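Beneath this line is the structure, given in structure tokens, with notes to follow.
Treat the numbers as computed from the prediction; the structure is a model and nothing was measured.
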Amino acid sequence: MIKGGLALFALLGSALAAGTAWAWPAHDPVPGGVAVVPLEISGSRAPLVTYGERRVLVLQREGRWHAVVGLPLSARPGVHRLELREGEQPQRIEFSVHDKDYPTQHITLSSNRRVNLSEADLARHQRERVKMDAALTHWADASEVPVRFTLPVEGRLSSPFGLRRYFNEQPRAPHSGLDIAAPEGTPVTAPAPGRVLSVGDYFFNGNTVFLDHGQGLVTMYAHLHTIEVEPGQQVAQGEVVGTVGMTGRATGPHLHWGVSLNDARVDPLLFVELQEAALEEQAP
């Protein structure tokens, strides 16, 4: 369980304090957050902007271009840089990343097989990782990108984003998505329009769907009981993509919802309006 029994609205405190306009992702420049960086350029054509080696989402608001940058959980606080490629000389744009202390979660699994992998399981995971990475790093040019999400399932927040996780008291990578607990078979819907990139059954994630929303914005839906879509299919906001399950490494039925932006796993709640995020308080 999460220490302290955090409520959902406490998790949104930084976004609210920033006075964010919810038509866009919340500007929350922390590890696992999103930085919305204004660009000092004009013109009707979107510029090419990179962060590290990755292209980033660029959108226009009130006649001004902005870079919408996903920050990995491994990002260090301090000055970070974008590269804007317009004309002969690239421009460097600086922005600041602030520190954030995520809570801790201890999970006990009855089978050590999913904590300490056998050679066969590790080989399977490594094969699957190639397919998953291909989906999470996918880039598709798009002039319109939906960045205002609805929740994909109704339920209780069982594990927020960014948790420092321990499985059977062994440290593992931070939680890179948002877990929402719901009864098995509960419909899981697309939070925004998109195209099905791929589907699969993975060792850790179980039955999983990846949706592409354009310009490096990809969402993931894991531990599904059933998958109701096929690769290449266009889905509308609210369309069912699968049902809640507990496939893969799961201790109970829930949806693991992940958001990847320029190949950085970021907090899905930064894309959700507060009034639409009325989940129940975290269980003690």
Side-chain angles (χ1 to χ4, degrees), residues 23-26 32-37 39 41 43-61 64-72 82-86 90 93 128-152 176-178 188-200 202 205 207-222 224 227-242 255-268 270-272:
W24 278 41
V34 174
V36 181
V37 182
L39 305 175
I41 62 168
S44 59
R45 185 176 180 179
L48 191 153
V49 180
T50 57
Y51 174 59
E53 298 180 353
R54 298 290 182 190
R55 287 185 64 179
V56 302
L57 172 62
V58 176
L59 297 175
Q60 196 171 40
R61 178 169 63 183
R64 187 177 188 182
W65 292 105
H66 295 72
V68 184
V69 188
L71 304 172
L82 302 176
E83 185 169 270
L84 169 63
R85 301 178 185 177
E86 185 184 45
I93 302 169
E128 294 173 346
R129 188 75 256 175
V130 174
K131 183 178 179 181
M132 294 176 65
D133 286 347
L136 293 169
T137 60
H138 180 79
W139 178 275
D141 289 323
S143 58
E144 298 291 335
V145 179
V147 290
R148 189 176 192 172
F149 290 170
T150 56
L151 288 170
S176 60
L178 175 70
V188 175
T189 61
R195 181 178 70 87
V196 181
L197 273 177
S198 66
V199 303
Y202 301 103
N205 288 353
N207 292 328
T208 303
V209 172
F210 294 91
L211 295 183
D212 172 33
H213 304 282
Q215 290 199 49
L217 180 59
V218 176
T219 54
M220 181 181 77
Y221 311 82
L224 299 173
I227 294 173
E228 304 296 334
V229 291
E230 298 179 353
Q233 180 178 339
Q234 295 287 338
V235 295
Q237 185 178 52
E239 187 171 345
V240 174
V241 299
L255 172 69
H256 174 93
W257 179 30
V259 174
S260 182
L261 182 60
N262 53 264
D263 194 29
R265 260 45 90 204
V266 298
D267 189 349
L270 297 176
F271 293 78
V272 180

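- The distance from the CD atom of Glu228 to the OG1 atom of Thr189 is 12.5 Å, given to the nearest 0.5 Å.
- Every residue two or more places apart in sequence or in another chain was checked for a side-chain hydrogen bond (donor to acceptor under 3.5 Å, both in side chains) with Gln60, and none qualifies.
- The line from OG of Ser198 to CD of Glu230 is 13.0 Å long, rounded to the nearest 0.5 Å.
- With a 4.5 Å cut-off on side-chain heavy atoms, Trp24 and Arg148 do not count as touching.
- Here the closest heavy-atom approach between residue Ala190 and residue Thr150 is recorded as O-OG1, 4.3 Å.
- Tyr221 is listed as a side-chain neighbour of Thr219, based on a closest heavy-atom distance under 4.5 Å.
- Between Ile41 and Leu84 there is a side-chain heavy-atom pair separated by less than 4.5 Å.
- The main-chain N or O of Val199 is found under 3.5 Å from a side-chain atom of Lys131 such that the two form a donor-acceptor pair.
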If you look only at distance, which donor and acceptor atoms sit under 3.5 Å apart when one is on a side chain in residues 257-265 and the other is two or more places apart or in another chain?
from, atom 1, to, atom 2, distance (Å)
Ser260, OG, Leu136, O, 3.3
Ser260, OG, Arg265, NH1, 2.9
Asn262, OD1, Gly70, N, 2.7
Asn262, ND2, Gly70, O, 2.9
Asp263, OD1, Arg265, NH1, 3.0
Asp263, OD1, Arg265, NH2, 3.4
Asp263, OD2, Arg54, NH2, 3.2
Arg265, NH1, Asp263, O, 3.3

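- Contacts of His138 classified as ring-ring contact (aromatic ring centres under 6.0 Å, His included), with partners at least two apart in sequence or in another chain: none.
- Distance CG/Leu197 to CD/Gln233: 12.5 Å, rounded to 0.5 Å.
- When all heavy atoms of Ala222 and Asn205 are compared, the closest pair comes out as CB-O, 3.5 Å.
- Taking the six-membered ring for Trp and the full ring otherwise, Phe149 and His213 have centroids separated by under 6.0 Å.
- In plain terms, the two heavy atoms of Gly33 and Val266 that are nearest each other are O-CG1, 3.4 Å.
- By the 4.5 Å heavy-atom criterion applied to side chains, Leu82 and Thr50 are not counted as neighbours.
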>> With side chain to side chain contact (heavy atoms under 4.5 Å, CB included) as the criterion, how do Val240 and Val188 come out once you've worked through the C-alpha distance, each side chain's angles and the decisive distance to 0.1 Å?
In response: CA-CA 6 Å; Val240 174; Val188 175; 6.0 Å; no
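- Nearest heavy atoms, Ser44 versus Trp65: O-CZ2, 3.5 Å.
- Atom CZ of Arg64 is separated from atom NE2 of His66 by 5.5 Å, given to the nearest 0.5 angstrom.
- Looking only at side-chain heavy atoms (C-beta outward), Val68 and Val56 stay at 4.5 Å or farther from each other.
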> Can Thr208 and Leu224 be said to form a side chain to side chain contact (heavy atoms under 4.5 Å, CB included), step by step?
Replying inline: CA-CA 6 Å; Thr208 303; Leu224 299 173; 6.0 Å; no
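- Considering only heavy atoms from C-beta on, Val49 stays 4.5 Å or farther from Arg55 through its side chain.
- For the pair Leu39/Pro47, a side-chain contact is recorded, criterion being any heavy-atom separation below 4.5 Å from C-beta on.
- The CH2 atom of Trp139 lies 6.5 Å from the CG atom of Leu57; values are rounded to the nearest 0.5 Å.
- Looking only at distances, a side-chain donor or acceptor of Gln215 sits under 3.5 Å from a matching main-chain atom of Val58.
- The nearest pair of heavy atoms linking Val218 to Ala135 is CG2-O, 3.6 Å.
- Contact of the Tyr51 side chain with the Pro72 side chain is registered, since non-hydrogen atoms from C-beta on lie closer than 4.5 Å.
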>> With side chain to side chain contact (heavy atoms under 4.5 Å, CB included) as the criterion, how do Leu71 and Val34 come out once you've worked through the C-alpha distance, each side chain's angles and the decisive distance to 0.1 Å?
In response: CA-CA 6 Å; Leu71 304 172; Val34 174; over 6 Å; no
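- Considering all non-hydrogen atoms of both residues, Pro146 and Leu217 come closest at O-CD2, 3.4 Å.
- For the atom pair CZ (Arg129) and OH (Tyr202), the distance works out to 9.0 Å, reported to the nearest 0.5 Å.
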